[in-house]
Amino acid sequence: MRFMLSSVAVLATVVGGGFGAQAATLSISCGAVGLELELCQEGAQAWAEQTGNEVTVISTPNSATERLALYQQILAANSADIDVYQIDVIWPGILANHFIDLSEHIPDDQISQHFPAILNNNTVADRFVAMPWFTDAGLLYYRQDLLDKYGKQPPATWEELAATAQEIQDGERAEGNDKMWGFVFQAKAYEGLTCDALEWVDSFGGGAIVADDGSITINNPQAALALDTAAGWIGTIAPDGVLNYAEEEARGVFQSGNAVFMRNWPYAWALGNAPDSAVSGRIGVSALPKGGADGKNTGALGGWQLAVSKYSANPELAADLVAYLTSYDEQKRRAIKGSYNPTIEALYKDGEVLAAVPFFGELYDTFVNAVARPSKVTAAKYNQVSAEFFNATHEVLSGEVSGADSVAALESKLDRLSRGGRW
Ligand code: GLC
């Protein structure tokens with residue numbers, strides 16, 4: 001069955017020029033956050049030229065939540081329209097059945113270059129369904145020039161972040177920048193808020209919503225405190241509009257010079273330092289603050305993989321495109337040009353990569369110790385778990401409910417969803 005891609009809002013570009021009788025046209029769906037689409041097109045083009053095929057690059061919604069809904073629609077129709085899917089680190093358990101086992105197509109020595117934890121994440125019921133492409137961890141961006149001006153250090157705790165943000169916001173506004181805000185992040189009701197809120201909760205020692213053994217842990221005082229703390233930022237150090245911000249909205253404010261701090265993924269580094277950025281050369285990056293002196297620095301584990309559809313007419317060729325795009329050289333190019341974190345460990349020791357993105361080395365521990373969302377244990381139900389969590393969090397941030405009431409209600413919902421913790 002053909003799924004009518006034209007019925008959804010997607011942008012497709014054809015790259016390469018097929019030659020010869022054997023030439024095929026593959027299609028790949030890529031993200032478009034920051035430089036993603038451009039880098040995907042360039043990579044696909046290089047493969048197309050090398051192999052004499054053509055690739056249609058399809059741009060999909062920025063929101064992971066919307067992108068998953070689109071993929072599910074296309075895959076449920078067993079559509080052959082997309083050969084290669086860019087999938088989120090939290091989706092293997094949801095989508096695995098639609099993808100081929102790549103271990104039958106890509107040599108072991110190429111697969112084993114990647115971080116074992118991600119390979120394990122991408123293996124479902126002994127099938128290796130996706131090659132790691134880039135990894136992600138939540139980071140704190142700050143305006144080094146403003147911290148210097150006010151004699152401040154990057155904050156160790158969220159409390160310190162709020163105090164520094166308020167002081168600099170007030171000072172800069174008094175000097176005439178009435179658009180200045182202390183802190184921007186992602187608080188729209190979507191997957192990105194699950195990441196931000198998990199960071200707050202985990203940094204306060206409140207766990208990761210559902211533990212690895214399946215038990216629901218979110219109803220605890222530390223989690224409630226974390227959510228209440230974040231609610232206190234709205235309208236004080238963060239604009240009310242942050243309740244509708246995803247990654248790119250936050251980056252827009254920070255990059256135009258109107259925020260002291262920003263929570264974002266590594267990709268924001270390359271763009272923030274680009275010639276057209278108002279804050280180029282004035283940005284510092286650190287781990288996210290701790291939840292109180294006894295808390296911990298934590299960043300949510302994100303990242304994207306490439307998977308080949310079972311419905312593809314050219315699975316062998318599609319796997320070759322995946323092998324090319326996830327290779328050492330291509331990940332190196334993406335790291336240097338777009339600050340996308342490699343999933344190949346050796347690239348974290350590559351001098352050219354470290355020169356372009358120094359925090360790949362300085363914050364290495366943040367990347368390898370990032371906190372995972374509970375997608376492995378909740379598997380096919382992860383998306384519902386996440387939606388319950390981001391909606392509950394959004395209500396707390398909007399001032400509709402207290403952190404304690406919210407996590408108690410969330411526990412009951414997750415209990416029903418899991419039928420008593422048995423996912
Ligand atoms: C980033 C992460 C991804 C996450 C998404 C949420 O793209 O890599 O894992 O789900 O942000 O917005």
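Numbers for residues simply follow the sequence, beginning at 1. All heavy atoms count here, side chains included; hydrogens, waters and symmetry mates do not. Atoms within a ligand are numbered from 1 in the order they appear, just like the ligands themselves.
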Taking atom types as modelled, is there a side-chain donor on Glu248 or Tyr267 under 3.5 Å from an acceptor on the other? yes
Sequence neighbours left out, what passes side-chain hydrogen bond (donor to acceptor under 3.5 Å, both in side chains) with Asp88? Give chain and number order. none
For atom 10 (O) of ligand 1, the protein heavy atom that lies nearest, with its residue and separation: Asp88 OD2, 2.5 Å
Any donor-acceptor pair under 3.5 Å linking the side-chain atoms of Ser406 with those of Glu395? no
Quick one: nearest non-hydrogen protein atom to atom 12 (O) of ligand 1, plus distance? Glu247 OE2, 2.6 Å
Under 3.5 Å between any N/O of Gly303 and any N/O of ligand 1: does that happen in this structure? yes
So do the side chains of Leu193 and Gln186 get within less than 4.5 Å of each other, counting heavy atoms only? no
Just jot down the ligand 1 atoms closer than 4.0 angstrom to any heavy atom of Gly302, in number order. 2 (C), 8 (O), 9 (O)
Anything under 30° is parallel, anything over 60° is perpendicular, the rest tilted; go ahead and classify Trp233 against Trp158. tilted
Nearest protein heavy atom with distance in Å, relative to atom 7 (O) of ligand 1: Trp304 NE1, 2.9 Å
Check each atom of ligand 1 against the heavy atoms of Gly192 and keep those under 4.0 Å away; list them by number with element. 6 (C), 12 (O)
Of the choices Trp265, Tyr190, Tyr340, Trp91, which has the non-hydrogen atom that lies closest to atom 11 (O) of ligand 1? Trp265
Do Trp200 and Thr229 have side-chain atoms, one donor and one acceptor, less than 3.5 Å apart? no
Just to be sure I read this right, does ligand 1 sit under 4.0 Å from the backbone of Gln86, its side chain, both, or neither, counting only heavy atoms? neither
Has Arg373 got any heavy atom lying under 4.0 angstrom from an atom of ligand 1? yes
Cation-pi, Trp265 ring and Arg263 (6.0 angstrom, 45 degrees): yes
In terms of atom number and element, which parts of ligand 1 are under 4.0 angstrom from non-hydrogen atoms of Asp136? 1 (C), 2 (C), 7 (O), 8 (O)
